[in-house]
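Presented below is the structure to which this report refers.
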Amino acid sequence: MMYAKVIVDVTAGQTNKAFDYRIPEELIDLILPGMRVIVPFGPRKIQGFIWEITENTELDRVKPISEMLDPYPVLTNEMLQLGQWLAEETVCFLITALQSMIPSAIRAKPKKILKLSTEEQYLPASLQAVFAGKSSVDWNTIPNEKEIFSSIKQAVEKEEIEVDYLVKDKTKKKTIQSIRMNPQYRGVRFADILGNRAKKQIAVMEWFDTRYPDEKIPIKEVIDTLQTSKHTMQQLITKEMLFLEELEEYRDPYSDRFFEPDPRPELTGQQKHVLAPVRTAVDHNQDTTFLLRGVTGSGKTEIYLRAIEKVLEKGEEAIVLVPEISLTPQMVERFKGRFGSKVAVLHSALSAGEKYDEWRKIHRKEVQVAVGARSAVFAPFEKLGLIIIDEEHEGSYKQEDHPRYHARHIAIWRGSYHKCPVILGSATPSLESYARAKRGVYELLELKERVNNIAMPEVNIVDMRKELRKGNRSAFSELLLQKLKDRLDRNEQAVLFLNRRGYSTFVMCRNCGYTAECPHCEITLTYHHTQRKLKCHYCGYEEPMLTTCPACESEHIRFFGTGTQKVEEELTKLLPEARVIRMDVDTTSKKGSHEKLLQAFGNGEADILLGTQMIAKGLDFPRITLAGVLAADTMLHLPDFRASERTFQLLTQVSGRAGRDKLTGEVVIQTYTPDHYSIEHAKTHDYEAFSLEEMGHRKRSGYPPYYYLALVTIAHEDVVKVMQTAEKIASFLRSSFSPQTKVLGPTVSPIARIKDRYRYQCMIKYRNEPDLKSILNKIANRYQKEMATDKLFISIDMNPQMFM
DNA sequence: AGCACGCCGACT
DNA sequence: GTCGGCGTGCTC
């Protein structure tokens with residue numbers, strides 16, 4: 001007897017293990033680990049993944065596998081191992097980890113249906129209405145009424161109807177009608193068979209015979225190229241000289257786009273210098289992690305492209321991760337331009353079907369390069385030669401729901417599995433990565449100069465406190481306004497960056513720039529309107545709301561935040577002749593609108609591009625000579641220990657937009673805290689100095705990279721319940737860990753309530769805690785029942801990026 | 001997560 | 001005495 005251990009698609013602690021099933025005779029040797037199957041589970045049928053094939057089982061009652069869903073495993077052996085590691089590492093269920101590695105389109109969803117086993121006329125009237133002439137109905141379409149459900153129950157008992165479970169694959173492959181010639185007619189004289197008068201039919205057959213004797217050609221293409229008709233084709237099909245067949249087609253989101261071949265520029269000296277060790281690592285199968293720090297405009301992308309060339313020469317494959325691919329169409333263009341059809345693109349704006357098709361190209365080894373956002377790190381290549389993570393510091397590489405993985409972590413795991421290098425690229429690496437590079441864990445590569453020796457843009461810092469004193473209450477300083485006018489006169493372009501509204505409300509003195517901070521955590525205090533108090537979201541410290549500024553005694557102390565729309569209105573009032581394109585969530589929600597707006601701006605249809613985060617990167621237009629940051633402080637004062645780091649990264653990123661070609665660029669940064677180190681170092685483009693100073697802060701207050709963090713969030717509708725549970729968890733954690741590990745909280749979550757659930761959190765700071773994961777797992781198990789029944793929510797986030 | 005089984009109150 | 005409320009525990 002052969003058995004299979006199956007991981008079933010039920011996300012619950014009690015089912016987070018393999019279940020044994022018998023492999024039916026006809027499937028023995030066909031079923032392999034990594035395939036999806038349908039199995040009976042209790043009274044229903046669900047999907048599962050084959051984990052392992054065994055020859056025996058310890059159980060005496062084992063059901064057979066109902067169905068095999070794949071002719072060929074969707075998960076490679078590597079993926080199965082990676083899944084197990086991922087589940088342990090992020091404290092999530094194995095099935096959740098496995099499910100996240102394949103496109104959502106192949107996740108079959110179970111369907112409950114009601115089948116008629118007798119004549120409809122014998123049913124009670126209420127049920128006849130339900131069936132209405134059909135032999136089966138979808139459970140979900142049945143009206144939610146008591147009487148109907150009770151008559152269903154009775155009918156089931158009387159065996160008039162039966163409940164059935166279908167697990168249908170959602171995948172739909174798009175097919176097109178195609179033509180293939182009947183091989184029997186190869187090389188014959190068609191006039192002999194068709195007669196001399198059937199000129200058109202002869203032409204079609206000869207075309208096939210000489211050019212495509214074995215190939216399937218889409219019917220539309222035949223008609224178009226031969227200028228013939230559907231009728232002619234139909235006649236040949238009836239004579240069985242041609243066969244009508246289905247050709248599987250990929251939904252190629254880029255099919256109607258022409259990609260300009262990307263020129264292969266001469267490398268600069270420093271580029272060559274940086275590329276050499278990468279090529280060596282590729283050649284010698286070394287699983288080195290490189291940290292490529294290159295200032296904006298230093299040609300990091302060209303390094304990626306050259307390294308990939310090497311990988312392809314070796315007959316291997318490469319993955320390129322970019323922060324949010326729809327945000328960087330220019331990047332896609334370069335990869336498609338250089339490697340053409342060898343590239344699959346996986347971005348979040350694709351439909352589920354399109355994503356599945358791109359994924360399938362990788363799975364079938366039809367492409368060698370995958371370019372995509374976070375989840376592309378799971379691209380199912382089997383001969384990986386290189387993984388690149390561009391803008392490695394970006395927060396979007398961390399998935400914010402289960403499994404809460406960081407793409408960098410996965411990339412390095414896969415690198416060591418395949419014995420291939422990983423390149424982390426950024427102008428402003430995360431402190432974690434930079435610290436590792438300094439310690440020699442990663443190999444540091446640097447590009448210190450821009451290509452063609454273009455100067456770094458000049459950065460002007462505008463003190464908005466002074467503007468206020470001068471009586472300027474608008475969002476635009478005199479300097480910025482004047483420079484915008486200059487650009488209009490010179491017919492150059494400008495980008496204006498406005499931070500997304502702070503998600504939490506912070507308080508700032510508009511007179512002196514003072515913001516309230518927690519005395520214990522170096523974190524901005526958050527204003528809670530209901531209690532009129534300022535609170536720390538890390539440790540729970542609180543103080544009453546300020547009415548006057550403790551630093552300068554001014555009464556100009558208040559909340560902060562402005563929206564893009566308001567700024568746009570103000571801008572058109574101040575500069576009515578300027579043509580403005582606004583890019584934010586509202587104007588880019590429609591598919592493709594993002595790209596269209598950027599294209600319009602690139603074509604010079606506007607003078608000013610005003611937007612949020614999304615315009616900060618990947619934008620490379622030669623006529624942009626001015627970049628403005630309207631309020632650098634909004635991000636600086638978020639209640640997050642990474643606030644300074646994010647501000648520095650963002651300012652550097654935005655500055656990089658200006659003057660990338662022959663025209664030199666300028667940057668204007670407006671702020672209420674001009675002497676903050678993240679702003680000062682952004683002015684001088686000095687990453688080294690910034691990181692040094694920030695590391696000091698991190699060391700003093702015990703944050704990464706000096707300590708690791710884990711965040712436990714507890715949520716429930718009842719505040720008292722949440723507080724009690726959180727308290728219990730915190731004390732359990734405190735008693736379980738070694739004394740060097742600190743447990744902060746419980747405290748209110750920065751988003752205190754989501755969907756009517758109150759949220760509290762505990763933060764764990766640790767350096768060396770070998771049992772951490774097992775202790776956290778214990779918590780997850782201990783509260784599992786309450787989570788299932790009592791709407792209690794407990795989430796565990798290892799190395800959180802956000803503290804919401 | 002579903003779903004059945006099972007034990008208590010309010011209805012024919 | 002039955003129907004149906006939801007608490008409890010299992011699913012190979």
Side-chain angles (χ1 to χ4, degrees), chain A residues 1-25 27-28 31 33 35-69 87 91-100 104 107-115 124 126 138-142 144-159 161-168 401-403 715-717 721 755 780-795:
Chain A
M1 257 333 171
M2 294 298 277
Y3 301 92
K5 297 208 173 288
V6 175
I7 306 298
V8 294
D9 187 13
V10 179
T11 39
Q14 289 157 297
T15 51
N16 189 30
K17 55 173 185 168
F19 285 78
D20 291 3
Y21 286 90
R22 185 170 56 77
I23 303 178
E25 205 59 43
L27 293 181
I28 290 179
I31 291 240
M35 282 181 178
R36 297 170 309 144
V37 287
I38 307 275
V39 291
F41 196 66
R44 59 210 168 109
K45 278 183 180 168
I46 55 170
Q47 193 193 130
F49 289 96
I50 302 286
W51 185 252
E52 210 186 329
I53 311 284
T54 56
E55 284 181 18
N56 38 53
T57 175
E58 287 168 8
L59 299 157
D60 33 59
R61 208 174 55 88
V62 178
K63 294 184 187 174
I65 290 170
S66 320
E67 210 179 310
M68 187 171 97
L69 285 178
V91 196
C92 76
F93 302 131
L94 182 53
I95 186 68
T96 314
L98 297 179
Q99 219 64 269
S100 72
S104 62
R107 182 172 180 172
K109 62 164 198 273
K111 218 176 178 186
K112 191 174 174 180
I113 58 163
L114 226 45
K115 257 168 57 183
S126 60
D138 187 335
W139 183 268
N140 292 322
T141 63
I142 299 168
N144 198 4
E145 287 163 35
K146 269 185 204 162
E147 303 93 81
I148 295 186
F149 284 123
S150 67
S151 34
I152 287 173
K153 204 177 168 190
Q154 284 167 21
V156 170
E157 273 161 22
K158 283 193 258 170
E159 294 183 1
I161 56 178
E162 132 185 53
V163 182
D164 201 5
Y165 296 87
L166 281 182
V167 191
K168 234 191 140 190
D401 45 73
H402 288 123
H716 193 270
E717 284 180 2
K721 169 102 187 166
K755 288 185 192 159
N781 289 331
R782 155 75 182 77
Y783 288 98
Q784 205 194 108
K785 208 191 274 173
E786 283 181 63
M787 285 168 73
T789 55
D790 200 23
K791 291 179 191 158
L792 178 73
F793 261 72
I794 294 179
S795 94

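This structure is a prediction, so every number in the text was calculated from the model and none was measured. Every chain is numbered from 1, with letters handed out A, B, ... down the list of sequences.
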- prompt: How long is the span from the CZ atom in A/R22 to the CE atom in A/M2, to the nearest 0.5 Å?
  reply: 12.5 Å
- prompt: For the pair made of CG in A/D164 and P in B/dC3, what is the distance, rounded to whole Å?
  reply: 13 Å
query: Do A/V10 and A/F93 touch side chain to side chain, with heavy atoms closer than 4.5 Å?
result: no
query: Rounded to the nearest Å, what distance is computed from the CD1 atom of residue A/I46 to the C1' atom of nucleotide B/dC3?
result: 12 Å
- prompt: Can you check whether A/K17 has a side-chain N or O nearer than 4.0 Å to OP1 or OP2 of C/dT11?
  reply: no
query: A/V10 near the nucleic acid: base, sugar-phosphate alone, or nothing, with a heavy-atom cut-off under 4.0 Å?
result: base
message: What contact category does A/R22 fall into here, base, sugar-phosphate, or nothing, at under 4.0 angstrom with non-hydrogen atoms?
response: nothing
field: Nucleotide C/dT11, atom C1' - distance to CZ of A/F19 in whole Å
entry: 6 Å
query: When rounded to the nearest 0.5 angstrom, what is the spacing between CD1 in A/I53 and OH in A/Y3?
result: 13.0 Å
query: Looking for any heavy atom pair under 4.0 Å, which part of the strands does A/Y21 touch: base, sugar-phosphate only, or nothing?
result: sugar-phosphate
- prompt: Would you say a side-chain N or O of A/R44 is under 4.0 Å from OP1 or OP2 of B/dC3?
  reply: no
statement: Atom NE2 of A/H402 and atom C1' of B/dA1 are separated, to the nearest Å, by 16 Å
- prompt: Nearest-Å distance, CD (A/Q14) to C1' (C/dT8)?
  reply: 10 Å
Stacked cation flag A/K17 on A/F19, 6.0 angstrom / 45 deg: yes
- prompt: Any salt bridge between A/R107 and A/D9, counting N to O under 4.0 Å?
  reply: yes
- line: Here the distance between atom P of B/dG2 and atom NZ of A/K111, to the nearest Å, is 16 Å
- prompt: Nearest-Å distance, CZ (A/R61) to P (C/dT11)?
  reply: 7 Å
Nearest-angstrom distance from the residue atom CD1 of A/I7 to P of C/dC12: 15 Å
task: For A/T11, answer base if it contacts any base atom (sugar-phosphate contacts may also be present), sugar-phosphate if it contacts only those atoms, and nothing otherwise; contact means non-hydrogen atoms under 4.0 Å.
output: sugar-phosphate
query: A/K112 side chain: which of B/dC3, C/dT11, C/dC12 is closest?
result: B/dC3
Closest nucleotide among B/dC3, C/dC12, C/dT11 to the A/P43 side chain: B/dC3
